[in-house]
Visitor: 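Sharing a structure below in structure tokens format, with a few things to ask.
Since the structure is predicted, the reported quantities are computational estimates derived from the model, not experimental observations. Proteins come first, then strands; the chains are lettered A, B, ... in the order of their sequence lines, and each starts at number 1.
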2 protein chains.
Amino acid sequence: MPSSKNTQFAVAVHVLTYLAGQAEGGPVSSDELSASTNVNPVHVRRVLGPLREAGLVCSRPGVHGGWELARPAGDITLARVWRLLQGDDQVLGLHGPNPDCPVGRGVQRSLTAIDGAVAEAVAAELERSTVQDVLTREVRGARPVPGQA
Amino acid sequence: MPSSKNTQFAVAVHVLTYLAGQAEGGPVSSDELSASTNVNPVHVRRVLGPLREAGLVCSRPGVHGGWELARPAGDITLARVWRLLQGDDQVLGLHGPNPDCPVGRGVQRSLTAIDGAVAEAVAAELERSTVQDVLTREVRGARPVPGQA
DNA sequence: TTAATTCGTAATCACAATAGCTACAGTTAG
DNA sequence: CTAACTGTAGCTATTGTGATTACGAATTAA
């Protein structure tokens, strides 16, 4: 079960949504963001680092510094955020089968391909929501998925 | 990012595929399965436990005991396996936002809904492959995903 | 019956990932 | 200069995963 305890994606979405709601109020400090998300301010900064490098947010040190969205909330899809924080990690976990076992090699290859397809499916689903959608809680209705109840 | 280091799904698919390939040869022991998957025999048994309870495999103790598929490999979808091992865990990790923060509450609700939709998307993708498919390495071509490259 | 084999499971250990926390250097506004 | 921030580097606590050992129960062969 992939289930990670990794909450960075959730924290990132939370922070971005918060920033979207404060768009007119100037920069927001890590401390304020950490109070809302209930995580450590240092952790907030660590999560926001990759998003800044990707141009989604910007930060300023100094007295009235803090964080701001660098682009409209409606332009930031959750898929973008997920990919930035996901890196190249696999969605389903793989294992290291015995390389001498032909079954193992075949299974490994199949699973790698399937993992890629699953990652695409996840991204496609997340592509359907933006930070703006989360802010307005207007999460677009789930598309009926073929072959599934 | 979901990425767990959990390899139970991969191990389960591996073992099921191995059993499918040995369908005529009688029960296969945990030791033999552990040699192919490169994981501990105890771990193999632990992973296989839920699959046995779900009626996918059966096991027998004793001298010529071991594991066998309890149904045709073509009837076992990877989605079934994933759901059995996934339990109720979230795909994307959530966090515990400050309950006093209205933004936090809204984000939490949105993320929970989105997580459900993503889980459905993953399951739908995995519904497209069976253990038989993995055995023959004939992984069905990826369906073009709407709204995604 | 006895011995060998194999599952079932508990207990313990090692390792890695996550995130909390402290500390401190660098920046900026006033 | 000073206060308020970010940016990082450590260190620690907690947790999840899986290896390992151990032992009991079930089954088969002799």
Visitor: A side-chain contact here means heavy atoms from C-beta on lying under 4.5 Å apart; do A/Leu51 and A/Val15 qualify?
Guide: no
Visitor: D/dT17, OP1 or OP2 - any side-chain N/O from B/Thr7 closer than 4.0 Å?
Guide: no
Visitor: Could you pull out all donor-acceptor pairs under 3.5 Å where a side-chain atom in residues 60-75 of chain A meets a protein atom, sequence neighbours excluded?
Guide:
residue : atom : partner : partner atom : Å
A/Arg60 : NH2  : A/His64 : O            : 3.4
A/Trp67 : NE1  : A/Ser30 : OG           : 3.2

Visitor: With the threshold set at under 4.0 Å for non-hydrogen atoms, list the residues of residues 39-48 of chain B touching DNA chain D in residue-number order.
Guide: B/Val39, B/Asn40, B/Val42, B/His43, B/Arg46
Visitor: Is there a side-chain contact between A/Phe9 and B/Leu111, using heavy atoms and a 4.5 Å cut-off?
Guide: yes
Visitor: So, OP1 or OP2 of D/dG18: does either fall under 4.0 Å of a side-chain N or O from B/Asn6?
Guide: yes
Visitor: Within this structure, what is the CG-CD distance for the pair A/Asp115 and A/Glu120, rounded to the nearest 0.5 Å?
Guide: 10.5 Å
Visitor: Whole-Å distance between C/dC7 P and B/Glu68 CD?
Guide: 12 Å
Visitor: Does D/dG18 have OP1 or OP2 under 4.0 Å away from a side-chain N or O of B/Gln8?
Guide: yes
Visitor: Grab the CD-C1' distance between B/Gln90 and D/dG16 for me, whole Å please.
Guide: 15 Å
Visitor: Using atom CZ of B/Arg52 as one end and atom C1' of C/dG8 as the other, report the distance to the nearest whole Å.
Guide: 8 Å
Visitor: Can you list everything that forms a side chain to side chain donor-acceptor pair (under 3.5 Å) with B/Ser36? Sequence neighbours excluded, please.
Guide: B/His14
Visitor: For side chain to side chain contact (heavy atoms under 4.5 Å, CB included), just list the numbers for A/Ile114 and A/Val118, CA-CA rounded to whole Å, side-chain angles, deciding distance to a tenth of an Å, and then say yes or no.
Guide: CA-CA 6 Å; A/Ile114 289 168; A/Val118 168; 4.2 Å; yes
Visitor: Between atom CG in A/Asp31 and atom P in D/dT6, what is the gap in whole Å?
Guide: 7 Å
Visitor: Please tabulate, for side-chain N and O atoms in residues 19-27 of chain A, each donor-acceptor pair with protein atoms closer than 3.5 Å (sequence neighbours left out).
Guide:
none

Visitor: Looking at A/Ser30, I'd like to know whether one of its side-chain N or O atoms comes within less than 4.0 Å of OP1 or OP2 on D/dT6.
Guide: yes
Visitor: Once side chain to side chain donor-acceptor pair (under 3.5 Å) is applied, do any residues pair with B/Ser29, and if so which ones, sequence neighbours excluded?
Guide: none
Visitor: Would one find a side-chain N or O of A/Ser29 under 4.0 angstrom from OP1 or OP2 of D/dA4?
Guide: no
Visitor: In Å, rounded to the nearest 0.5 Å, how long is the span from NE2 of B/His43 to CG of B/Leu48?
Guide: 10.5 Å
Visitor: In whole angstroms, how far is the P atom of C/dT5 from the CD atom of B/Glu32?
Guide: 15 Å
Visitor: Rounded to whole Å, please give me the gap between CZ in B/Phe9 and P in D/dT17.
Guide: 15 Å
Visitor: Rounded to whole Å, please give me the gap between CD in A/Glu53 and C1' in D/dT6.
Guide: 14 Å
Visitor: I need the CD-P distance between A/Gln86 and C/dT18, as an integer number of Å.
Guide: 10 Å
Visitor: Report each atom pair, protein N/O against N/O of nucleotides 24-30 of chain C, whose distance is under 3.5 angstrom.
Guide:
residue : atom : partner : partner atom : Å
C/dT28  : O2   : A/Val63 : N            : 3.4

